[in-house]
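The block underneath contains the structure these notes are about, expressed in structure tokens.
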Amino acid sequence: MKSFIDRAQAWTDLQHACAEEWVRRIRSDEFDVVRFMWPDQHGLLRGKTITASAACDVLYGGVNLTSTLLGKDTSHKTVFPVFSQACPDTPFPLQGASDFTIVADPTTFRVLPWARRTAWVLCDAYSADGLPSPFGTRGLLKKALDELAAKKLRFVAGLEVECHIFKLDDPNLRLSDSGQPGTPPDVLALNHGYQYLTELRYDAAEPILDRLRAAIQELGLPLTSIEIEFGPSQFELVFGPEEGLIAADNMVILRNAVKQVCQRHGYHATFMCRPRIPNVMSSGWHLHQSLRSSTDGRNVFVPDQPDQALSPLGQHYLAGLMQHAPAASAFACPTINGYRRYRPHSLAPDRANWARDNRGALLRVLGGMGQAATRIENRAGEPAANPYLYFAAQIFSGLDGIERRLDPGPSADQPYETPAVPLPRSLADAIVLLRQSPLFQQKMGERFLEYFCYIKTEEIARFNLQVSDWEQREYFEMF
């Protein structure tokens, strides 16, 4: 009888070869367990931990998960009526909390350096019929990369990610603190802020930062620097360039590694954009991107004229990013909190423009003639973004610019004053723009787009039902 892998034709020859090597290692008693992990619609990892004695069978047979996982918002609530007969008419046609299957990508196998005798592998979502799930975001990025490959191009990304790391004061694990979501932990700062890149602050945080550095490098991620950011307990991790799917996988692995290592040593790490903690600064995710020729490996963004910021192809790609940036904001910045960062004169963008080496612009162009690292830095993203959706939206936008030969116009050297289309000021505004986008409807599929927007609309509805601290301070005494 054929395995699920064979029936679904899920693996390439390389993946089959990698699987054989990991089967050998598992059977040689190197591990006790294997974590089979799948990145959900939010880019959060979910899955099952399988004992070594069962892992080889599961590697070829897949792991069954409850399909309600595909329908959860950020509070882990299932927002679709999965037990309703009307469910097939919604964007989410999986009734009765039936199963779907996650299938390991053997090229992503790793040994977890912080967990004893534990292997880890990233998985893709498949429907019961053996077809890739239409709600698998890793699959959407593969689709975008395939469109690039048809043009003999490859997507290259460099990650520049900010986060906060606090000393854990009280995890708030009392039963009364449970909920969806539960009470967040109480924390203490590791250092005071506003001392950007000072060695003294780095040295004070070195005990946990060195543990993180070691774990990240043992995982094989191309870490180049760990830096003290501007705000208290704020840090930045910078990585060398990797090609599309690998870079997106690295982002998911990075967030998990940082949070798990910190958790084991009495710290709390968060990739939330702007925690509600006094004096903190917003965190961003600056995505550096370029395209590489599949034929000769060269960076096709490099211009051949000294007065050009990018090659003609690079300029078209840049223009596509600009044109679709408002609608793509929902993928770059998918949380309500992330829009607290968009404000003028704050090193964060507020409109869809570009500029040469200017951190106030949405799209910062770096490099030039003769510089192999010529690239576009998108400064819109928040660290909580799902990298598969963020990357896919960039690729689809850039390809549209190439195909339509769009012109980005001149550099916005005064980015907060140059007229340009404004970025949405809230997640609700971003969802409206996303739903109106013919490009994303076509490229990501109407069903997926409505599915994603439905989940986000439910999150917004929950937010709107809450009485905020602002409302209490504004109205409670006055009226």
Please confirm whether [X] and [Y] have ring centers closer than 6.0 angstrom.
X	Y	result
Phe166	His164	yes
Phe36	Trp120	no
Tyr342	Tyr339	yes
Phe80	Tyr454	yes
Phe448	Phe135	no

Salt bridge [X]-[Y], side-chain N to carboxylate O under 4.0 Å:
X	Y	answer
Arg276	Asp469	yes
Asp40	Lys72	no
Asp249	Arg138	yes

Under a plain distance cut-off of 3.5 Å, with no hydrogens placed, do [Y] and [X] share a side-chain donor-acceptor pair?
X	Y	result
Glu160	His288	yes
Thr137	Asn386	yes
Asp105	Thr107	yes

Phe155 and ring pair (Phe, Tyr, Trp, His ring centres under 6.0 Å): which partner among Tyr317, Phe301, Phe391, Phe396?
Phe391
Considering only distance and modelled atom types, tabulate donor-acceptor pairs under 3.5 Å from the side chains of residues 141-150, sequence neighbours left out.
from, atom 1, to, atom 2, distance (Å)
Lys142, NZ, Asp124, OD2, 2.9
Lys143, NZ, Glu147, OE2, 3.3
Lys143, NZ, Lys443, O, 2.8
Glu147, OE1, Lys443, NZ, 3.1

Should we count CD of Gln305 as having more than 12 external heavy atoms under 6.0 Å?
yes
Would you indicate whether Arg462, at its atom CZ, is surrounded by more than 12 heavy atoms from other residues, nucleotides or ligands within a distance under 6.0 Å?
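Count over threshold, so yes.
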Using 30° and 60° as the class limits, which term best fits the ring planes of [X] and [Y]: parallel, tilted or perpendicular?
X	Y	answer
Tyr475	Trp470	perpendicular
Phe452	Phe331	tilted
Tyr194	Phe230	perpendicular

Taking only residues two or more places apart in sequence or in another chain, which ones pass salt bridge (Lys or Arg N to Asp or Glu O under 4.0 Å) with Arg274?
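For Arg274 there are no salt bridge (Lys or Arg N to Asp or Glu O under 4.0 Å) partners, ignoring immediate neighbours.
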Would you mind writing out the side-chain donor-acceptor pairs for residues 410-417 within the sub-3.5 Å range, not counting sequence neighbours?
from, atom 1, to, atom 2, distance (Å)
Ser411, OG, Arg356, N, 3.2
Ser411, OG, Asp413, OD1, 2.7
Tyr416, OH, Leu347, N, 3.4
Tyr416, OH, Ala348, N, 3.4
Tyr416, OH, Ala348, O, 2.7

For Glu227, does its backbone N or O pair with a side-chain atom of Glu236 as donor and acceptor, under 3.5 Å?
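Not at all, since once roles are kept as given, no pair shorter than 3.5 Å links the two residues.
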For Gln323 and Ser397, indicate whether the former's side chain and the latter's backbone hold a donor-acceptor pair under 3.5 Å.
no
Flag side-chain contact, heavy atom, 4.5 Å: Asp169 against Val187
no
Could you go through the side chain to side chain contact (heavy atoms under 4.5 Å, CB included) check for Tyr196 and Ile228 one step at a time?
CA-CA 6 Å; Tyr196 179 52; Ile228 298 294; 6.0 Å; no
Nearest atoms (heavy-atom pairs only) where Ala373 meets Arg375
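Here Ala373 and Arg375 meet closest at O-NH1, 3.0 Å.
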Hey, mind stepping through Glu382 and Arg341 against salt bridge (charged side-chain N to carboxylate O under 4.0 Å, His left out) and telling me if it holds?
CA-CA 9 Å; Glu382 65 168 315; Arg341 177 172 159 263; over 6 Å; no
